Number of protein chains: 2
Amino acid sequence: MDWKVILSQKGYRLSEPRKRVIELLETAEVALSPQQIHQNLQQKDCDIGLVSVYRTLDLLTKLELVTLVYDLQHNPGYMLSTTGHHHHIVCQECHKALEFSGSDDIDQLVERVEAETSFQVRDHFLQLFGLCPDCQLNNDTGDQL
Amino acid sequence: MDWKVILSQKGYRLSEPRKRVIELLETAEVALSPQQIHQNLQQKDCDIGLVSVYRTLDLLTKLELVTLVYDLQHNPGYMLSTTGHHHHIVCQECHKALEFSGSDDIDQLVERVEAETSFQVRDHFLQLFGLCPDCQLNNDTGDQL
DNA sequence: TTCTTATTGAAAATAATTTTCAATAAGCAG
DNA sequence: CTGCTTATTGAAAATTATTTTCAATAAGAA
Ligand SMILES: [Mn+2]
Ligand SMILES: [Mn+2]
Ligand SMILES: [Zn+2]
Ligand SMILES: [Zn+2]
């Protein structure tokens, strides 16, 4: 469902900051930190306060409209999320991030870990890192996996 | 190999702060933040500066002797790492964390994602969340997966 | 329009992390 | 052991990130 409808239905107003942040995230193919979002918006046009960026991201996260991801250096970044079970793959070179659909792929692993550890598994966080198509071309540094 | 040997061989001194931080992490079954480590040390005995905790964790992370993990609220915590390919499972109730050995478990997933996205996968971050054996007993809140 | 109140943004407060630098102590050489 | 060299420490200051406060604004209903 459209984010405008979701916000409205839950009683949240369609304010300028919210529109702009989402609009930006819709075009961004890279996960952005609150500061980066703020800077990008300033450069474009509007003077959205950094505070509102934080507040908007908090709200959108709560509503599960955005997801927080990390790069391998643990820098945080926000991305629009689609619905359903999914994860992200992040380019180590240009930080471009892509969502991919999750499935029952780690079910076997979960079963094994539950048996090994006696933990009851209820959730998981999975993120892949690598090279995007573009950066594979510009990179002949060979495999270093 | 023993951390004392590793530190020495690389020319790092076996200082009090380093000993104490590692000693603490060795007994901890929960991932600890720098602040938590500092507090724990103070309570026990020694007046290690918080700055040194940060520096020690940075060093140990660089040497891959400790690993940074997150809980579902994205709070950071450091754990001793063992060698080899492994991941962590964190209890959502008491935050107890356990390492489990990684294997080729997500190979199929990686292949699928590479085909779908044209990314070249080179690394991954995987963390499981759930209930540890203890907390399963004290929790009859039913399944909410 | 007008009204109600959720939302904004500036500023201040708080929290987390890093830098600086003089004092200390780890490990080596004698 | 003893003294030297220099990596390391810790207090304080600086920086950075995030949250709180609160009066002014504007979104959306009436
Ligand atoms: Mn999954
Ligand atoms: Mn793995
Ligand atoms: Zn790339
Ligand atoms: Zn537990």
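Below, chains carry the letters A, B, ... as their sequence lines are ordered, and counting in each starts from 1. Predicted model, so just to flag it, every value in this text is computed and none were measured.
Between A:L68 atom CG and D:dA17 atom C1' the separation is 14 Å, expressed in whole Å. What separates NZ of B:K10 from P of C:dG27 is a distance of 17 Å, to the nearest Å. A straight line from CZ of A:R20 to C1' of C:dG9 spans 16 Å, rounded to a whole angstrom. The nearest whole Å value for the distance from the CD atom in A:Q36 to the P atom in D:dA17 is 10 Å. Atom P of nucleotide D:dT8 and atom CD1 of B:I22 are separated by 13 Å, given to the nearest angstrom.
Among residue pairs with one or both ends in residues 33-46 of chain A, those qualifying as salt bridge (charged side-chain N to carboxylate O under 4.0 Å, His left out) are A:R20-A:D45; sequence neighbours excluded.
Residues satisfying the ring-ring contact (aromatic ring centres under 6.0 Å, His included) criterion with B:F125, sequence neighbours excluded, are A:F125. Residues forming a side chain to side chain contact (heavy atoms under 4.5 Å, CB included) with B:V66 (at least two apart in sequence, or on another chain): B:L25, B:L60, B:T61, B:Y78, B:L80. Every residue meeting the ring-ring contact (aromatic ring centres under 6.0 Å, His included) condition with A:F100, not counting sequence neighbours, appears here in chain and number order: A:H87. Contacts of A:E116 classified as salt bridge (Lys or Arg N to Asp or Glu O under 4.0 Å), with partners at least two apart in sequence or in another chain: A:R112. Looking at residues two or more places apart in sequence or on another chain, you find a side-chain hydrogen bond (donor to acceptor under 3.5 Å, both in side chains) between A:D47 and A:Q42.
In this structure, the side chain of A:Q136 engages the main chain of B:S118 through a donor-acceptor pair within 3.5 Å. Side-chain atoms of B:S81 come within 3.5 Å of backbone atoms of B:L65 as a donor-acceptor pair (strictly under, hydrogens ignored).
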Base, backbone or nothing for each nucleotide of nucleotides 25-30 of chain D, written B, S, -, heavy atoms under 4.0 angstrom, 5' to 3'? -BBS--
Scan the side chains in residues 3-15 of chain A for donor-acceptor partners under 3.5 Å anywhere in the protein, sequence neighbours excluded, and list what turns up.
| residue | atom | partner | partner atom | Å |
| --- | --- | --- | --- | --- |
| A:W3 | NE1 | A:E26 | OE2 | 3.2 |
| A:S8 | OG | A:K4 | O | 3.0 |
| A:Y12 | OH | A:K62 | NZ | 3.4 |

Determine all donor-acceptor pairs shorter than 3.5 Å in which one atom belongs to a side chain in residues 50-57 of chain B; sequence neighbours excluded.
| residue | atom | partner | partner atom | Å |
| --- | --- | --- | --- | --- |
| B:Y54 | OH | B:Q35 | NE2 | 3.0 |
| B:T56 | OG1 | B:S52 | O | 2.7 |

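Near DNA chain D, meaning a heavy atom under 4.0 Å from it, residues 41-63 of chain A has A:V51, A:Y54, A:R55 in order of number.
Computed from C1' positions of five pairs at each end, the angle between the two local axes of the helix from C:dT1-D:dA30 to C:dG30-D:dC1 equals 40°, rounded to 10 degrees.
Taking Ile, Leu, Val, Met, Phe, Trp and Tyr as members and joining any whose side-chain heavy atoms lie under 4.5 Å apart, directly or through other members, the hydrophobic cluster of B:M79 also contains B:V69.
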